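Being a predicted model, the structure only gives us computed values, none of them experimental.
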Amino acid sequence: MTLHLPDANGALRAYEPRTEPLALTTGAPFTSRTVFSAAHVVADPYADTTPDSPAAVDWDSTLAFRRHLWSHGLGVAEAMDTAQRGMGLDWAGAAELIRRSAAEAKAVGGRIACGVGTDQLAGGTLAEVRAAYEEQLAVVEESGAQAILMASRALAATAKSPDDYLEVYGHLLRQAAEPVILHWLGPMFDPALEGYWGSEDLDAATDTFLEVIAAHPDKVDGIKVSLLDAQREIDLRRRLPQGVRCYTGDDFHYPELIAGDEQGFSHALLGIFDPLGPLAAEAVRVLDTGNTEGFRALLDPTVELSRHLFRAPTRFYKTGVVFLAWLAGHQSHFTMVGGLQSARSLPHFARAYELADGLGLFPDPGLAEERMRTLLNLYGVTP
């Protein structure tokens with residue numbers, strides 16, 4: 001049945017939903033790339049909460065979604081930006097998420113890496129920042145998961161020079177039990193991280209970042225770069241020490257970065273691989289056979305959806321990710337921790353639905369259509 005979707009100008013246009021999903025199945029583990037999906041959390045819709053209260057999580061649905069990702073061969077990057085760290089999910093909730101997801105990963109044989117940050121702090125001294133990182137690192141290591149050292153708002157606010165970053169990260173890497181992933185999240189994802197690594201000059205910041213890695217290459221499994229600048233990522237990965245991986249976090253240019261060139265490629269740790277999980281897995285398996293053109297043919301058409309979800313203000317991309325999870329039937333409601341379901345407009349949702357439906361991402365297109373119609377009715381749009 002025809003849906004009438006509002007465009008950016010508020011005018012309604014007719015859209016005919018597709019009737020068949022893209023045929024995607026589970027498969028063997030990947031051989032050519034390591035691929036993580038940064039996964040969202042499912043809120044408890046029946047909890048009596050406010051935007052400022054601790055997150056209420058639907059643990060059964062949250063863990064079921066991780067099993068969905070693992071079933072397609074993807075790793076789960078847990079308690080990251082996509083899980084609303086610092087935007088609805090506090091450290092207590094993140095710690096519980098890490099423990100539960102790590103236990104679930106062990107039970108099903110899934111790969112997992114978890115975010116280590118300092119979000120129990122609003123600010124503080126360098127010593128307090130180090131202690132906060134250490135507390136979170138201990139939780140992740142005790143869970144048996146790999147650690148991802150996330151960028152810290154508290155460190156960005158406290159550090160006076162690149163040397164402060166070298167000191168804090170050097171301390172953490174020396175004591176890490178296993179090699180970690182270092183995460184550079186740009187200010188488009190979190191404005192509080194402007195000037196990370198001690199400079200707003202990205203060339204100078206890159207030099208400091210590489211200095212941290214060069215001092216401890218045996219403790220760095222890889223880096224996750226989220227700057228939405230493909231050439232900068234390519235230049236950076238070519239300067240990495242031998243054996244240190246680059247995991248792209250570029251939700252605008254991921255197909256070409258994962259495909260790579262004659263000098264190398266990026267692995268992946270992406271928020272967009274939450275809604276794209278099965279399709280992304282299928283594409284990587286094609287790449288495993290050496291068929292780069294086939295890989296690009298599957299993944300290139302998804303970029304328009306990704307750019308739409310991650311449009312400025314980029315930090316609200318989680319709203320679109322959870323919206324698509326609801327339409328796809330991975331959760332029974334469109335409610336988010338912190339009330340973030342209100343962070344995007346109806347025209348934004350309508351375009352996200354149209355693009356995702358066009359890609360065949362919904363396992364049950366009829367259910368997605370019904371839920372989209374429900375949202376339209378809620379906003380006062382009638383047939």
Side-chain angles (χ1 to χ4, degrees), residues 24-31 33-45 47 54-85 89-117 135-150 176-181 183 221-222 224 247 267-271 273-282 284-285 288 321-322 325-326 328-333 337 363:
L24 298 169
T25 60
T26 58
F30 311 136
T31 58
R33 304 290 189 274
T34 300
V35 181
F36 289 98
S37 166
H40 74 280
V41 293
V42 183
D44 178 354
V57 176
D58 177 344
W59 293 114
D60 289 343
S61 297
T62 293
L63 295 176
F65 186 74
R66 279 132 184 84
R67 291 194 296 272
H68 155 73
L69 294 172
W70 285 318
S71 75
H72 286 276
L74 297 157
V76 169
E78 188 57 276
M80 303 291 292
D81 189 51
T82 308
Q84 296 182 242
R85 288 290 290 271
L89 186 70
D90 61 12
W91 166 234
E96 182 71 7
L97 178 63
I98 288 165
R99 294 186 183 101
R100 287 176 179 257
S101 291
E104 196 72 16
K106 186 178 297 184
V108 303
R111 182 163 186 169
I112 189 167
C114 299
V116 171
E135 177 189 354
Q136 296 201 14
L137 180 61
V139 169
V140 171
E141 291 185 337
E142 288 166 5
S143 78
Q146 183 178 17
I148 304 170
L149 295 187
M150 301 169 68
E178 301 290 342
V180 307
I181 298 172
H183 186 190
D221 164 69
K224 195 258 188 177
Y247 294 90
H267 300 271
L269 197 165
L270 288 160
F273 281 6
D274 179 303
L276 292 184
L279 178 54
E282 180 73 15
V284 175
R285 288 193 183 91
D288 286 345
V321 166
V322 176
W326 172 56
H330 293 298
Q331 53 194 79
S332 62
H333 58 86
V337 298

Minimum heavy-atom distance [X]-[Y], with the two atoms named:
X: Glu282; Y: Leu24; answer: CB-CD2, 3.8 Å
X: Val35; Y: Val284; answer: CG2-CG2, 4.0 Å
X: Asp288; Y: Pro29; answer: OD2-O, 4.3 Å
X: Ala145; Y: Ile112; answer: CB-CG2, 3.9 Å
X: Val139; Y: Arg99; answer: CG2-NH2, 3.9 Å
X: Ala79; Y: Ala83; answer: CA-CB, 4.0 Å

Is there side-chain contact between [X] and [Y], with heavy atoms separated by less than 4.5 Å?
X: Phe65; Y: Asp274; value: yes
X: Val41; Y: Leu97; value: yes
X: Val76; Y: Ser101; value: no
X: Pro278; Y: His68; value: yes
X: Leu269; Y: His183; value: no
X: Gln136; Y: Ile98; value: no
X: Trp59; Y: Asp44; value: no

If you measure from [atom1] on [X] to [atom2] on [Y], what distance do you get to the nearest 0.5 Å?
X: Asp221; Y: Tyr247; atom1: CG; atom2: OH; value: 3.5 Å
X: Ile181; Y: Thr34; atom1: CD1; atom2: OG1; value: 8.5 Å
X: Asp90; Y: Arg85; atom1: CG; atom2: CZ; value: 9.5 Å
X: Met80; Y: Leu89; atom1: CE; atom2: CG; value: 12.5 Å
X: Leu69; Y: Leu74; atom1: CG; atom2: CG; value: 6.0 Å
X: Thr25; Y: His72; atom1: OG1; atom2: NE2; value: 8.0 Å

Inset, instruction - Check for a donor-acceptor pair, side chain of His330 on one end and backbone N or O of Ala325 on the other, with a separation under 3.5 Å. - result: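 Not a single qualifying donor-acceptor pair exists.
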Inset, instruction - Please report the C-alpha distance between Val42 and His333 in whole Å, then the side-chain angles of each, then the deciding distance to 0.1 Å, and finally whether the side-chain contact (heavy atoms from CB on, under 4.5 Å) criterion is met. - result: CA-CA 9 Å; Val42 183; His333 58 86; 3.7 Å; yes
Inset, instruction - Using the salt bridge (Lys or Arg N to Asp or Glu O under 4.0 Å) rule, collect all pairs that involve residues 63-72, keeping only residues at least two apart or in two chains. - result: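 Listed once each, the pairs are Arg66-Glu78, Arg67-Glu104.
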Legend entry - side chain to side chain contact (heavy atoms under 4.5 Å, CB included) against Ala113, all qualifying residues, sequence neighbours excluded: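 Here the qualifying residues are Phe36, Gln146, Ile148.
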